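Report on one structure; see the data block that follows.
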2 protein chains.
Amino acid sequence: MGDRVGDMEDYCMVEAAMEVVGGKWKLAILRHLFDGTCRFGELNRAMPAITPRMLTRQLRELEADGLVRRVVYPEVPPKVEYSLTYLGESLRPIALRLEEWGHWYRERRGLGGEPVTPRS
Amino acid sequence: MGDRVGDMEDYCMVEAAMEVVGGKWKLAILRHLFDGTCRFGELNRAMPAITPRMLTRQLRELEADGLVRRVVYPEVPPKVEYSLTYLGESLRPIALRLEEWGHWYRERRGLGGEPVTPRS
DNA sequence: CGGTATCCCCGGCGATACTG
DNA sequence: CAGTATCGCCGGGGATACCG
């Protein structure tokens, strides 16, 4: 061992990051949480294209990966607040730069794709 | 501009970026091309886990998205060189920061996952 | 309000064999 | 050397209905 171990360590890290952040809605969710704590419904209203099911799933994964904190208020009607952990916050600069890049990229490429999948 | 009109434009851009760069091997490939032009076989040897088929597919997508340049030398035996376009180069700082982040993340989280799916 | 349950589709991804 | 061809899995993601 040791001959070419360094190779995979390197690119593996970027893939490790992608596993955490590569879900279809993950970065979109984080992006909203950058602006502050959100309730479930707020997030869902802010991203109408995502179904509650998927929003839940992605939030739970983000929580399991330690990027998002979920706080349940035991009251009625139910209230749940999502916020970023320190780990989640640490992604802010990168996400923002990626966002910039995406913007710049689409300008250069002439807005190739649809912004949001249109529903029938 | 209005308070939050830009919302979906914004996060859409990060998703746009993910569409281009979100493939399982995309960033890994780019990461290798950051170090300079590569031939097909070099890339494949550098990433033994990826099959030729997938390597081809992801390279073609990167090419279609304008991140990678493919140069064919009409000689025998065949020789094809892959390099980054200006667009591809522009991802370097972001990819590097994501890599840093991935490294840091895994240290904090105690190396949760396997680096590469081990073949038996 | 903040989710689950259920069902299903599609395409990303993989393995193996073959070719100009 | 640099790919195709073929086949198939599997799970991420979606639609809709329902629940505490």
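Small disclaimer: the values here were computed from a predicted structure and weren't measured. Every chain is numbered from 1 and lettered A, B, ... according to where its sequence line falls, protein lines coming before strand lines. These numbers come from the heavy atoms of this one structure, side chains and all, not from hydrogens, waters or symmetry mates.
Rounded to an integer number of Å, the gap from CG of A/Leu55 to C1' of D/dG14 is 14 Å. As rounded to whole Å, 13 Å separates atom P of D/dG3 from atom CZ of B/Arg45. Distance A/Lys24 NZ to C/dG12 P: 11 Å, rounded to the nearest Å. When the C1' atom of C/dG14 is taken as reference, atom CE of B/Met47 falls 16 Å away, rounded to whole Å. Per the geometry, CD1 belonging to B/Ile50 stands 14 Å off C1' belonging to D/dA2, to the nearest Å. Going from atom CZ of A/Arg57 over to atom P of C/dT4 covers 11 Å, rounded to whole Å. When the C1' atom of C/dC10 is taken as reference, atom CE of A/Met54 falls 14 Å away, rounded to whole Å. The CG atom of A/Leu59 sits 8 Å away from the P atom of C/dG3 (whole-angstrom rounding).
Close to C/dG3, at under 4.0 Å from its OP1 or OP2, lies a side-chain N or O of A/Tyr82. OP1 or OP2 of C/dG3 has at least one side-chain nitrogen or oxygen of A/Arg70 nearer than 4.0 Å. In this structure, A/Gln58 reaches the D/dG13 phosphate: one of its side-chain N or O atoms is under 4.0 Å from OP1 or OP2. OP1 or OP2 of D/dG3 lies within a sub-4.0 Å distance of a side-chain N or O belonging to B/Arg60.
Taking 4.0 Å as the cut-off between side-chain N and carboxylate O, A/Lys26 and A/Glu61 count as a salt-bridged pair.
Both B/Glu61 and A/Pro78 lie close to DNA chain C; mapped to their nearest nucleotides by heavy-atom distance, the more 5′-ward contact belongs to A/Pro78.
The backbone N or O of A/Leu55 lies less than 3.5 Å from no partner atom in the side chain of A/Asn44, so there is not a single donor-acceptor pair. Judged by distance alone, the side chain of B/Arg92 and the main-chain N or O of B/Phe34 form a donor-acceptor pair under 3.5 Å. Here the side chain of A/Thr85 pairs a donor or acceptor atom with the backbone of A/Gly66 at under 3.5 angstrom.
Residue contacts shown for A/Glu81 are absent, as no nucleic acid heavy atom lies under 4.0 Å away. A/Arg39 comes within 4.0 angstrom of sugar-phosphate atoms only, judged by non-hydrogen atoms across all strands, and of no base. A/Tyr73 comes within contact range of no nucleotide atom at all, as no heavy-atom separation falls under 4.0 Å.
Between A/Arg70 atom CZ and A/Glu63 atom CD the span is 6.0 Å, to the nearest 0.5 Å.
Closest approach to the B/Val80 side chain among C/dC13, D/dG3, C/dG2 is made by D/dG3 (side chain taken as heavy atoms from C-beta onward). Taking the side chain of B/Lys79 as heavy atoms from C-beta on, and the options C/dG3, D/dG14, D/dA2, the nearest nucleotide is D/dA2. When distances are taken from the side chain of A/Phe40 to each of C/dG2, C/dT4, D/dG14, the shortest belongs to C/dG2.
If you check distances only, the side chain of A/Arg53 does reach the base of C/dT6 with a donor-acceptor pair under 3.5 Å.
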